[in-house]
> 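Handing you this structure, nothing more for now.
These numbers were taken from a predicted model, which means no experiment stands behind them. Residue indices begin at 1 and follow the sequence shown. The basis for the numbers below is simple: all heavy atoms, side chains too, and nothing from hydrogens, waters or symmetry mates.
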Amino acid sequence: MPSTAIFSTDFTVRTYEMGANGCLTLPFLAGYMQEAAAHHAAALGASMEQLHAKGVAWVLYRMKTEIFRYPALGENVNIQTWPSGWEKFYFYRDYRASDQSGKLLAQATSTWLMFDMQTRRLSLRPELARDIRPPEGVTHLPRAESKFATEGDFPLEMVFNVRRHDLDINGHATNLRYFQWIADALPEESGKNIGEIDIIFKAEARYEDQLRCQTRPDGESFFLHKIENQEGKLLVQARSGRM
């Protein structure tokens with residue numbers, strides 16, 4: 001099968017996507033990237049609807065994002081995305097976000113899995129998307145490999161309840177909510193926007209779950225995070241850094 005072309009699409013920052021500083025917020029930036037990925041997957045024959053018909057769905061396992069500048073209200077944002085390879089059950093996809101002059105705003109690398117919608121477990125049919133090839137001559141971005149410490153004391157904590165509008169079409173909390181919950185859980189004195197975030201999704205949160213987002217400093221400019229449900233099950237771990 002021939003290699004895949006890079007997919008490109010544009011977004012305009014709208015009022016409901018910006019924060020108090022007048023710029024796009026992190027969850028919406030991640031949303032732009034994932035929306036572009038969804039359109040590209042559909043063009044490649046692996047859309048949400050096509051996979052649902054086969055009883056499986058895409059699920060984000062990990063996403064590492066570097067932000068160099070958050071665009072302001074009304075700015076045009078170009079998103080480029082492409083599949084960057086696969087191994088075993090892991091599918092990789094990269095992203096670049098640029099402003100209208102072509103200057104890089106952010107870049108990200110992500111890891112996706114397929115899960116069985118009936119058993120809610122990893123799908124044993126990853127061959128459904130293995131014919132998708134990376135673009136020729138495009139080097140993939142450095143992939144996230146390090147693990148995060150979850151033991152020890154996490155002195156900062158916020159509690160969030162999973163509500164109906166937090167759910168996605170797969171029936172669990174959409175991954176974009178975790179970006180928001182982590183940003184909300186940062187201490188006020190941290191002061192600056194998140195400039196880097198590496199997040200791992202280990203288990204799903206369902207409607208009416210009560211989540212504990214715990215945070216601790218990791219050096220001068222970084223924080224470690226973990227999110228557990230009411231039963232103490234680890235759902236998400238992450239590391240964020242200030243701009």
> Can you say whether the rings of W58 and F91 are parallel (under 30°), tilted (30 to 60°) or perpendicular (over 60°)?
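The rings of W58 and F91 stand perpendicular, inter-plane angle above 60°.
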> Starting from M117 and following side-chain heavy-atom contacts under 4.5 Å between hydrophobic residues (I, L, V, M, F, W, Y), which residues can be reached?
none
> Would you give the length of the straight line joining atom CD of E196 to atom CZ of R239, rounded to the nearest 0.5 angstrom?
6.5 Å
> Examine the side chains of Y207 and R164 and answer whether a donor and an acceptor come within less than 3.5 Å of each other.
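Distance-only check passes for Y207 and R164.
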> Can you tell me if R216 and H225 form a side-chain donor-acceptor pair at under 3.5 Å?
no
> Any chance the side chains of N78 and D10 put a donor and an acceptor closer than 3.5 Å?
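Their side chains do contain a donor-acceptor pair, which is all the 3.5 Å distance test asks for.
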> What are the two closest heavy atoms between L73 and V13, and how far apart are they?
CD1-O, 3.5 Å
> To the nearest 0.5 Å, how far apart are NZ in K88 and CG in L113?
12.5 Å
> If you take all heavy atoms of Q118 and D116, which pair is closest and at what distance?
N-OD1, 2.8 Å
> Test Y61 against F201 for ring-ring contact (aromatic ring centres under 6.0 Å, His included), laying out the working first.
CA-CA 5 Å; Y61 171 68; F201 301 91; 8.4 Å; no
> Starting at CG of N76, measure out to CZ of F11 and round the result to the nearest 0.5 Å.
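Going from the CG atom of N76 to the CZ atom of F11 covers 10.0 Å.
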> Sequence neighbours excluded, which residues qualify as salt bridge (Lys or Arg N to Asp or Glu O under 4.0 Å) partners of R177?
D166
> Shared ILVMFWY cluster between F115 and M48, side chains joined below 4.5 angstrom?
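No, because F115 and M48 fall into different hydrophobic clusters, even though each may have its own neighbours under 4.5 Å.
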> Determine whether the side chains of S84 and W82 contain a donor N or O and an acceptor N or O closer than 3.5 Å.
no
> Restricting to ring-ring contact (aromatic ring centres under 6.0 Å, His included), what partner residues turn up for F154, sequence neighbours left out?
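In terms of ring-ring contact (aromatic ring centres under 6.0 Å, His included), with neighbours along the sequence ignored, F154 is linked to no residue.
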> Shortest non-hydrogen contact from A106 to I67?
CB-CA, 4.0 Å
> Could you tell me if the side chain of Q107 sits less than 4.5 Å from the side chain of Y95, heavy atoms only?
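Sidechains of Q107 and Y95: no contact.
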> Is there a donor-acceptor contact under 3.5 Å linking the side chains of T81 and R93?
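A donor-acceptor contact under 3.5 Å links the two side chains.
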